[in-house]
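Protein chains get the first letters and strands the later ones, always in sequence-line order, with residue 1 at the start of each. What you see below is based on every heavy atom in this structure, not just the backbone, and it leaves out hydrogens, waters and symmetry mates.
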2 protein chains.
Amino acid sequence: MKIDSEHLEILAVIVEKGGLTEGADELGKSQPSVSRSMALLEKRIGMPLFEPGRRPLRPTELGASLARLGNRIRIANKDASLLVRRFRQGLAGRLRVGGSPIFTDGVIATMIAEFQSRNSDVHIDQSYGYLDTLEAGLKNGGLDIAILPLHPRQVPPDMDFLPLLSGRNVITCRVDHPLTRIKAISLSHIANYPWIAPPADSPLYRDLERALKSIGQEDFMVNFSGGTLASIQSVLTGSDSLTVLPYSVVFQTRRTIPLAVLPLKIDHPDRQLGILTKSDRQRPPAAQQFITFLQAESERLQARMDHAEQVTHRRS
Amino acid sequence: MKIDSEHLEILAVIVEKGGLTEGADELGKSQPSVSRSMALLEKRIGMPLFEPGRRPLRPTELGASLARLGNRIRIANKDASLLVRRFRQGLAGRLRVGGSPIFTDGVIATMIAEFQSRNSDVHIDQSYGYLDTLEAGLKNGGLDIAILPLHPRQVPPDMDFLPLLSGRNVITCRVDHPLTRIKAISLSHIANYPWIAPPADSPLYRDLERALKSIGQEDFMVNFSGGTLASIQSVLTGSDSLTVLPYSVVFQTRRTIPLAVLPLKIDHPDRQLGILTKSDRQRPPAAQQFITFLQAESERLQARMDHAEQVTHRRS
DNA sequence: ATATAATATCGCATTGAGTTATGAAGATTG
DNA sequence: CAATCTTCATAACTCAATGCGATATTATAT
């Protein structure tokens, strides 16, 4: 014999409010309705829930005990409603975010930290990958959103791409690098230094090739390759190596890992860091919340970068 | 928007069992039924509870969270069912028991202790009173059962009386009382000792009068009156006083407060200790349980008393 | 006693849960 | 890769429960 949980909740309210009529009011139901519900419950369990012949309805021992349990149910139910509301508003949930390693570590990670400190109930599951991996993740539902640099032409047909930052690359080195003391840097200067290369299968590696080709340096010496942003930064600050990094990464991490940007114009890849999502798949509200947040943060970052650049120009 | 607690319970079972079909099995419902319930819940909250296009139905983050809450509800509901079952079997609840002071303290209290040690969830609310008080208590619902010595003629019309023990009274005193050393006690012997009398409004007081009158002692000296059994026993063991007590009381408390019974035949009141209940009023199951218990305990007590008496006769 | 407030009951409409039968789609296997 | 198996969704229908207003009944208060 299963008891109807709804009945127990009603009982709890009646007992709490001290009367059937007030209980009905509280529940937003009519008095006859709850009266009948209680009559039905009493009939089901075969025991009286209220003292007979008492006008402001008073519960029996059993009624009071069941009311306590009903209250537990009510609390759980309320929690459930709250949870649903928070999920709908994107304030709770889990978000599986995939991203290209360098940008994710250098730019997105700090934004994620900020997002989590605001929306503590959103759990972000971060993973790394390049276009093909991320695209597959989105397709099979393993990822909610992907963050990577992309050229408009590369966007898969059934996906949406929302640009966040321009994909400008720069040549960078440690701040006290010999080259930073040279006014006008030319090809001959940088030819003497070894290069750090990102993993060979990464777009950034191709950027590096392209950038160096654009300034005329066809073959270059690589003394370190692969690894994550953290290892690249370590090697960079501990040696005279050079490398190509997105300017936003250099800028975003300038407080913890300061790096110098060489005033050498290199070919821009025509890509933008942005958010890739599946068009049809309805995103969880937390995803929308996160996307909106990333847009705002990116705009702020872009503004700060622009501002810093103006200051530099004025100084020079 | 109120969530149906039933739905959350169903969700919890589905998630726990790892599939809709198995969940339906567990719940004893058909598979389409729970399927539709979940569809309805999803429609209500406007969010998916299960990952789309997964055949062994897997919950989303929201679904899993709601399932946890559903489980809490299930537990509370199960507790409720259990509670009801225990109440129905008389293994839980509250019992308001009224009784005449001497019998209650001397005979019933130890039985109540034993009863409570067996049925720990039954809470007994004990109170004292004589016939009129107890009768009123039963009538207005303030008492579930009353325990008192009664003559069959005194039983109110709409009440039932269940005899437990014969109401035989005896003259008693402390075990090392001078009178215990006298073989054949006569009236002249006891005339020298003062009497302890129960409260003047108690039936036992009238018993005392009647008993003494029956053995020819019209007026008697009372050096202590009123008080509870405990105080009577204290005075009795600390002085040479005599008093009249039910034999069952003397017998039941013989281990803790040993008293001597004088071999004087006195007039029996034609009453029996028994249980008085209202006929129409449906008793809580715990009451029935308690009554049955008292009957069994009383039978055992009676048997022991009979046995003790036989031994005494053989010895004398 | 009479008035008042609280609860129970009645009649009727609507909703939701239950069923079986059946269709659709992911998962599995030769 | 097609066939098959599982698993879930849908359809059509019945019935129990809930909703309501109107009204009877019954403690409690004045």
Side-chain angles (χ1 to χ4, degrees), chain A residues 1-45 47-60 63 67 70 73 77 139-142 280-281, chain B residues 1-45 48-60 63 67 70 73-74 77 139-142 280-281:
Chain A
M1 176 222 28
K2 167 93 163 56
I3 294 176
D4 190 337
S5 296
E6 209 76 24
H7 287 167
L8 293 177
E9 295 183 58
I10 294 173
L11 175 64
V13 174
I14 292 175
V15 170
E16 184 188 328
K17 290 288 161 186
L20 190 144
T21 310
E22 295 192 14
D25 253 28
E26 171 79 12
L27 288 164
K29 301 175 196 274
S30 69
Q31 172 266 320
S33 182
V34 305
S35 172
R36 207 153 31 113
S37 291
M38 288 303 93
L40 190 58
L41 177 56
E42 278 185 331
K43 194 180 135 204
R44 293 244 175 99
I45 69 177
M47 305 217 64
L49 294 169
F50 298 95
E51 308 269 358
R54 289 302 251 292
R55 243 340 110 97
L57 228 47
R58 247 191 24 202
T60 60
I73 294 179
N77 192 299
K139 276 222 166 64
N140 68 24
D280 57 342
R281 181 181 169 78
Chain B
M1 178 222 26
K2 167 94 163 55
I3 294 176
D4 190 337
S5 295
E6 209 76 26
H7 287 167
L8 293 177
E9 296 182 58
I10 294 174
L11 175 63
V13 174
I14 292 175
V15 169
E16 183 188 328
K17 290 289 162 185
L20 191 143
T21 310
E22 294 194 13
D25 250 31
E26 171 78 12
L27 288 163
K29 300 175 197 274
S30 68
Q31 171 266 319
S33 181
V34 306
S35 172
R36 208 156 32 110
S37 291
M38 289 302 93
L40 189 59
L41 178 57
E42 279 185 331
K43 193 179 136 203
R44 293 240 176 102
I45 68 176
L49 293 169
F50 298 95
E51 308 267 359
R54 290 303 251 291
R55 243 342 107 100
L57 226 47
R58 247 189 25 200
T60 60
I73 295 179
R74 249 167 79 75
N77 192 298
K139 276 221 164 67
N140 69 24
D280 57 342
R281 181 182 167 79

Residues from residues 2-26 of chain B lying under 4.0 Å of DNA chain C - heavy atoms: Asp4(B), His7(B)
For Phe50(B) against Glu42(B), the heavy-atom pair lying closest together: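 Answer, listing the atom of Phe50(B) first, then Glu42(B): N-OE2, 3.5 Å.
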Partners passing side chain to side chain contact (heavy atoms under 4.5 Å, CB included) against Arg36(B) (at least two apart in sequence or in another chain):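 In terms of side chain to side chain contact (heavy atoms under 4.5 Å, CB included), with neighbours along the sequence ignored, Arg36(B) is linked to no residue.
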Contacts of type side chain to side chain contact (heavy atoms under 4.5 Å, CB included), residue Thr21(A), not counting sequence neighbours: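 Listed in chain order: Gln31(A).
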For residues 1-14 of chain A, tabulate all N or O donor-acceptor pairs below 3.5 Å that involve a side-chain atom, not counting sequence neighbours.
| from | atom 1 | to | atom 2 | distance (Å) |
| --- | --- | --- | --- | --- |
| Lys2(A) | NZ | Glu6(B) | OE2 | 3.3 |
| Lys2(A) | NZ | Glu9(B) | OE1 | 3.2 |
| Asp4(A) | OD1 | Glu6(A) | N | 2.9 |
| Ser5(A) | OG | Glu9(B) | OE2 | 2.4 |
| Ser5(A) | OG | Asn77(B) | ND2 | 2.7 |
| Glu6(A) | OE2 | Lys2(B) | NZ | 3.3 |
| Glu9(A) | OE1 | Lys2(B) | NZ | 3.2 |
| Glu9(A) | OE2 | Ser5(B) | OG | 2.4 |

Whole angstrom value for the distance that separates [atom2] of [N] from [atom1] of [X]:
X        : N       : atom1 : atom2 : result
Lys29(B) : dA17(C) : NZ    : P     : 9 Å
Met38(A) : dA8(C)  : CE    : P     : 10 Å
Leu27(A) : dT7(C)  : CG    : P     : 14 Å
Glu42(A) : dA8(C)  : CD    : C1'   : 12 Å

Listed pairs, N/O of protein and of nucleotides 20-26 of chain C, under 3.5 Å:
| from | atom 1 | to | atom 2 | distance (Å) |
| --- | --- | --- | --- | --- |
| dA25(C) | N3 | Arg55(B) | NH1 | 3.4 |

Touch class at under 4.0 angstrom, heavy-atom based, for Arg44(B) against every strand present: sugar-phosphate
Degree of bending, the helix from dA1(C)-dT30(D) to dG30(C)-dC1(D) (end axes from five pairs; round to 10°): 40°
Chain B footprint on DNA chain D, 5' to 3' - any atom under 4.0 Å from a heavy atom: dT7(D) to dT10(D)
Rounded distance [0.5 Å steps], CG in Leu27(A) versus NZ in Lys17(A): 9.5 Å
Sidechain-backbone polar pair: Thr60(A) side chain, Leu49(A) backbone, donor-acceptor under 3.5 Å: yes
Residues forming a salt bridge (Lys or Arg N to Asp or Glu O under 4.0 Å) with Glu16(A), sequence neighbours excluded: none
